[in-house]
Peer 1: 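Dumping the structure here so I can ask a few things about it.
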Amino acid sequence: MASKALTEWRKLPVTLAELCIDTTLRCGQSFRWRKIKDEWICALHGRILALKQDPKYVHYKITWPDAMPGVAKSSIKRNGDALDDSEELLRRYFALNVNLTALYEQWSAADANFRQKAPKFTGVRMLSQDAWEALICFICSSNNNIARISQMVHKLCQHYGPLIGYVDGEPIHDFPTPEALCASDVESRLRELGFGYRARYIAETARVIANDKPVGWLEGLRNPGYDIKVENGDGESTRSTYKAAHEELLTLSGVGPKVADCVCLMGLGWAESVPVDTHVWQIAQRDYKMGKAKTKTFNKVMYDAVGDLFRNIWGNYAGWAHSVLFTADLRAFSDKGFKQEPIEEDEIMKNERSPVKKRTTANSNRNNSDVAPVKKEEEAEDVKVSSLPSPGPAKRRRIK
DNA sequence: GACGGACCTAATAC
DNA sequence: AGTATTAGGTCCG
């Protein structure tokens, strides 16, 4: 029997500058959190986690399955409350060992655009999600929107994931295992559930992970130093291994460069990984003058160039910084945000003339010789974003 | 090896 | 009310 202690609220001291769960849990990196009666709810590692936040604390409550009537007992072993690992789980999931305030200062010092946008989007952290879950969720994300991705992931859990318990009468399921998605009818079933062409990707990838790859293959792609040393990884080896992980992921069905980077960044601890999607490409063009007239097509070379540009500006945690600007660019946050207008030219110039001193960022000792398609300063006609008086994001041109 | 289309769907925009 | 467009891309020819 679960003791009462486990179902009571506990608190973790965290400032809103270090973590804003309201933003972080809605900005398109995780798709399973749901807000139910003013609490953020998600099943993680076989238990239900409930979160609330005030300016000084994150309050959390854990509910184990065997405390729920009619729910199968947890398969996870626990040796009593004393050894409950929920706080550690929380610290790891939110990567609280990383000093976000210091990183914002660093990014702001190096980048005028970040300095302008970030103040309205503080406390946006990169979550350390399960790599398998990130893999499947971001396969779902292709050519899709956050609302539908969340809906699809929810269905995936409902139909294939273990029931962990109920919150406010709603069943809460954990994420399904690869094995659970290996049945022969999974693809057709997922199509019926509205997954579209991603159904085949998911079924194939699940089968490859469960049957073809060696046990632990995906976890083996993890950044080994990420949870251990917080700052200053070895830039050289880190980069090559990140590249290797990225390349390995590309062999999976439904996984292209962007999805592979999402898995690297959000599931495998490669903080320098920068997933370049339509938003990031827009940002690179609009705010960093990437992709001049000739090269406005978006190809693999350009993909790598955008990532390298941001790694050069932001350093080893470029993926974290990217998430802040990505969030600022999301329509869901447009009420909070700026009008999507280019920043002042002189700000950009200032920015370009002092590209991150490598020593101040204490890392990024990679060669930045390959920043290729940067810009000249004229040709603003393409960059122009209509500044309509009405609210809502400016109309964007299609890049596909 | 680069490039253009097709690909599922549901919500929103005209 | 019906149709076109869009949304965190990937695969294929």
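For clarity, every value in this text was computed on a predicted model and none was experimentally measured.
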Peer 1: List the residues meeting side chain to side chain donor-acceptor pair (under 3.5 Å) with A:W33, not counting sequence neighbours, and say none if there are none.
Peer 2: A:Y93
Peer 1: Would you say the ring centers of A:F326 and A:H279 fall short of 6.0 Å from each other?
Peer 2: yes
Peer 1: Which residue pairs pass the salt bridge (Lys or Arg N to Asp or Glu O under 4.0 Å) test with at least one member in residues 150-171 of chain A, sequence neighbours excluded?
Peer 2: A:R34-A:E170
Peer 1: Mind running a 4.0 Å heavy-atom check of residues 144-155 of chain A against DNA chain C and sending the residues that fall below it, in number order?
Peer 2: A:N144, A:N145, A:I146
Peer 1: Sequence neighbours left out, what passes salt bridge (Lys or Arg N to Asp or Glu O under 4.0 Å) with A:D174? Give chain and number order.
Peer 2: A:R32
Peer 1: Taking the six-membered ring where the residue is Trp, are the ring centres of A:F310 and A:Y288 under 6.0 Å apart?
Peer 2: yes
Peer 1: Less than 4.5 Å apart, side chain to side chain, heavy atoms only: is that true for A:Y303 and A:W281?
Peer 2: no
Peer 1: Please enumerate all residues that pass side chain to side chain donor-acceptor pair (under 3.5 Å) together with A:N144, with sequence neighbours excluded.
Peer 2: A:R148
Peer 1: Hey, could you give me each pair passing salt bridge (Lys or Arg N to Asp or Glu O under 4.0 Å) that has a residue in residues 201-218 of chain A? Not counting sequence neighbours.
Peer 2: A:R200-A:E204
Peer 1: Please confirm whether the shortest side-chain N or O distance from A:N143 to OP1 or OP2 of C:dG8 is below 4.0 Å.
Peer 2: no
Peer 1: Applying salt bridge (Lys or Arg N to Asp or Glu O under 4.0 Å), name anything that partners A:E248, two or more places apart in sequence or on another chain.
Peer 2: none
Peer 1: Going by the rule salt bridge (Lys or Arg N to Asp or Glu O under 4.0 Å), which residues pair with A:R125 if we only count those two or more places apart in sequence or in a different chain?
Peer 2: A:E18
Peer 1: Which string of ( ) [ ] | and . matches DNA chain C, if you list each base 5' to 3' and count Watson-Crick or G-U pairs only when both distances are under 3.5 Å?
Peer 2: .||||||.|||||
Peer 1: Looking at residues at least two apart in the chain, or sitting in another chain, which of them share a ring-ring contact (aromatic ring centres under 6.0 Å, His included) with A:Y104?
Peer 2: A:W107, A:F114
Peer 1: Could you list by number each residue of residues 252-268 of chain A showing a heavy-atom separation from DNA chain B of less than 4.0 Å, or answer none if no residue does?
Peer 2: none
Peer 1: Looking at A:D22 and A:K35, is any side-chain nitrogen of the basic one under 4.0 Å from a carboxylate oxygen of the acidic one?
Peer 2: yes
Peer 1: Under 4.0 Å, counting only non-hydrogen atoms across every strand here, what does A:C140 touch: a base, just sugar-phosphate, or nothing?
Peer 2: nothing
Peer 1: Using heavy atoms and a sub-4.0 Å distance, could you list which residues of residues 194-202 of chain A are near DNA chain B? By number, please.
Peer 2: A:G194, A:G196, A:Y197, A:R198
